[in-house]
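Data first, discussion second: the structure below is written as structure tokens.
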Amino acid sequence: MAGCAKRCKQGLVKFVLSLHKLITGTLKKDKIDDDFEMSIVCHRPEGLDKLEAQSNFSKRELQVLYRGFKNECPSGVVNEDTFKQIYAQFFPHGDASSYAHYLFDAFDSAHSGSIKFEDFVMALSILLRGSVREKLMWTFNLYDINRDGYINKEEMTDIVRAIYDMMGKYTYPALKTDTPKQHVDAFFQKMDKNRDGVVTLDEFILSCQEDENIMRSLQLFENVI
Amino acid sequence: MAAGVATWMPFARAAAVGWLPLAQKTMPKPPVDKKSRSDEILFVNVSGLRFQTWKNTLDRYPDTLLGSSEKEFFYNEETQEYFFDRDPEMFRHILNFFRTGKLHYPRHECIQAFEEELAFYGIIPEIIGDCCMEEYRDRKKENQERLAEDTEAENAGDAPLPPDATLRERLWRAFENPHTSTMALVFYYVTGFFIAVSVIANVVETVPCRPIKGSIKDLPCGEKFSVAFSCLDTACVLIFSFEYLMRLYAAPSRCDFARSVMSVIDVVAILPFYIGLVMPENEEVSGAFVTLRVFRVFRIFKFSRHSQGLRILGCTLQACASELGFLLFSLTMAVIIFATVMFYAEKGTKGTTFSSIPASFWYTIVTMTTLGLLITAIHYQLLIQLLMSLYFHLQYLFMWGHVGLSDLLSCCVPQDGDGDSTPLCVKNRSAFEHQHHHLLHCLEKTTNHEFTDEVTYSEVCVTDSVGFRTSRSTSLSSQQGATTTCCSRRAKRRAFRLANSTVSVSRGSVQELDTLHVTKTPAGTQYPQSRSSLNARTENLKLNCDDYTAAIISIPTPPANTPDESLPNSPAIPGILRNSRSSTFNTQETVKISSL
């Protein structure tokens, strides 16, 4: 019986709307519909064979990846908001949006504002199946926010702060305000060989290769798929 | 976590590569995936109807029967399929939930059957999509109301009163269920008779009777036989008052009774008489008094106690009150529109009855009602609903024989939906959860901070000045080489809070586990409890660690070399902790892993 009330109310609303449409003319309705249709972009990826050739995945793996991707994003593209939402679900404790933003920029190599399946696959291919050098290059690209070939302290601080944001407020030991800064200083201490205040790609790769921990952990995610 | 997110796990883990150069500590080892990761098609046979789906589809929701290892119980080796002896039609909806992520409620299905299926497959009904949630809630409410009526009918009913029932209880029983005793039945019929008499008297006293001798004008009977009629009226009112007072006395809850609809009707029926008694014989006031007598007609509503159909009608009207309201509103709108039109149409004409808009109201109403077309159209749905509900209610009544009078009166009471439904999902440490926790752990290692909850955070803020914890952690990492484990530290904290022997034992075993090289999933999988709800689930912690007791027993225990700082020296920890320490392994002898 409560459904009656809702239906009556809906009926009244619809009546008023149709009255409004009557007054304002029906053309506007069609226009809105047209706009709506235009906004649904459907992107189809390149052929499976081509993707297999370009990436380090097998056909089966690509199939699995695409099925999941298509199920989540039937339109075939991921925009930044969706990306942030997805990433936030993995890190519910803190705020993952800033790091997700940097990640998005790193994934969206063409800077088109949305990630297509090919971008997704290429990035995963590098991160999971790429050589050490490729992985480090990708990471350098992530840290180098303005893509000028150098990582300066501000960029690094932004990244580190974004990572610490993901931890959230309740951590042990408690996060202090200068923890990110200390972290950045330690990073630059290690990476910036010539002490010029910026880290270049070569310095970065060299320093990482010297660090056994980093080298070992790079092999960690090889079997993700 | 939303199931669709499982698809993005590879991406999230891959993105963790971005943290690696920043990490100040070694990353934990990833969870080992025993099975091959290639996707396969599963066959699910539900009572003969064969469904096929990707394994990944089912894995999306690891908390359900189909997504967890629970489905292995239903696996048929011979036919290589999962067999469920359930409704195949319903299964379609369940499977669609896995495929699309949205659960839809099929309108034609019985709601209880649907809920049972959901409970079997471990899906909570709360996740029904918005498109079907309204319908589901309505049906559920209806169902519950019906069930409540059912139980009330059982409880209220005709069970014989305990022998030591007071007079009051007996009286109330007699009033509510008249057929329990002869006296009650007699009283029931007598009151019914007097209601009828009263109503008929009200009607008859306005009928013109033959005039008294010597007069020409026709008198209404009421004035001719005024004495007789007033005696009758007094007698009826006395009986009604007596009945009302008796009910009021017998009612178990007088306040509730006084507020109930029937008692209000009773009061309204007898009030005019009493007001008339106290009213002075005043000219101005007697006009108002006459109006009050109109309320005597409300006595007819007293028949609702005697007629179940009337009560059902009342209930239905009440249920459809908003529709009725809307109906009245739309009627009023139409009346005003047409009255205005008529008024202005006839404005110029002389001698018209439409002297003003309100004057044209009456004409409009009459015309509309006599024509009746508009009204029937709007009434249609309302009428149908009324008739349907009447039919179902009466059928229900007749099918179940007797029905307590009280339950019909309460049929309009809205039942609060049972908000909490026990989530019958199976909590399972799925591969997905392992990976997720590994990911979170990597983040912890990168930032060199641990996740904790609000309570512990505030605790730590208080005890931070003590500093013994941090010193302990550094000493451990430097001396043993094995990183301190979140699990052990958290368990220590828990022991700090609980000082419970079971916890201390499990804490000890947890520490051992971390130093063992186990191929099974590490004890760190206790994270979901520890991260999300740190009200220590001691039983869970203990349970998980029990799996490893066998492993511990089989390995010879070397003499303990662990330094004293490995245990908190706080006096709050019971002495039993120190005993368990003796069985802690020497880390240098075992394979060093970055423990979780």
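Naming: A, B, ... by sequence-line order, numbering from 1 per chain.
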Between OG on residue B:Ser322 and CZ on residue A:Arg7, distance to nearest 0.5 Å: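 It comes to 11.0 Å.
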Could you tell me which non-hydrogen atom of [X] sits nearest to which non-hydrogen atom of [Y], and how far apart they are?
X        : Y        : value
A:Ser217 : B:Met27  : CB-CG, 3.7 Å
B:Ala15  : A:Leu103 : CB-CD1, 3.5 Å
B:Thr452 : A:Thr171 : CG2-C, 3.3 Å
A:Leu124 : B:Ala14  : CD2-CB, 3.3 Å
A:Phe90  : B:Leu439 : CD2-CD2, 4.3 Å
A:Tyr143 : B:Pro21  : OH-CD, 3.4 Å

Counting neighbours of [atom1] on [X] that are heavy atoms of other residues, nucleotides or ligands and sit closer than 6.0 Å, is the number greater than 12?
X        : atom1 : answer
A:Gln10  : CD    : yes
B:Arg137 : CZ    : no
B:Asp130 : CG    : no
A:Lys193 : NZ    : yes

Hey, does A:Leu218 have a side-chain heavy atom less than 4.5 Å from the side chain of B:Leu20?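 Counting from C-beta outward, B:Leu20 and A:Leu218 do come under 4.5 Å.
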Anything under 30° is parallel, anything over 60° is perpendicular, the rest tilted; go ahead and classify A:Phe107 against B:Phe11.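 Correct class here is perpendicular.
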How about B:Trp19 and A:Phe91: are their ring centres within less than 6.0 Å of each other?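 So the answer is yes for these two rings.
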Check whether the ring centres of A:Phe83 and B:Trp8 lie less than 6.0 Å apart, and answer yes or no.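 Between B:Trp8 and A:Phe83, which both carry aromatic rings, the centre distance is not below 6.0 Å.
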With a 4.5 angstrom heavy-atom cut-off, could you sort out which part of [X] is near chain B: side chain, backbone, both or neither?
X        : result
A:Thr179 : side chain
A:Leu12  : side chain
A:Lys9   : neither
A:Phe140 : neither
A:Val78  : side chain

Checking A:Met167 against B:Glu450 for the side chain to side chain contact (heavy atoms under 4.5 Å, CB included) test, could you report, in this order, the C-alpha distance in whole Å, the side-chain angles of both residues, the deciding distance, and whether it holds? CA-CA 8 Å; A:Met167 290 293 293; B:Glu450 283 174 23; 5.8 Å; no
Short question: side chain of A:Tyr164, backbone of B:Thr447 - any donor-acceptor pair under 3.5 Å?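 Pair found, side chain donor or acceptor close to backbone of B:Thr447.
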Heavy-atom pairs under 4.5 Å with chain B are the metric here; pick the option from A:Arg216, A:Met166, A:Met156, A:Arg67 that has the most.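 Ranked by contacts with chain B, first place is A:Arg67.
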For each of A:Phe204, A:Tyr99, A:Trp138, A:Tyr102, tally heavy-atom pairs with chain B at distances under 4.5 Å, and name the one with the top tally.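 Result: the option with the highest number of such pairs is A:Tyr99.
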Identify which one of A:Leu128, A:Thr139, A:Leu142 satisfies the side-chain contact (heavy atoms from CB on, under 4.5 Å) criterion when paired with B:Val17.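 Of A:Leu128, A:Thr139, A:Leu142, side-chain contact (heavy atoms from CB on, under 4.5 Å) with B:Val17 is met by A:Thr139 alone.
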What residues of residues 180-189 of chain A sit under 4.5 Å from chain B when you count only heavy atoms?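 The stretch touches chain B at A:His183, A:Phe187.
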Tell me, for B:Arg99 versus chain A, whether the close heavy atoms (under 4.5 Å) come from the side chain, the backbone, both or neither.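 Backbone only.
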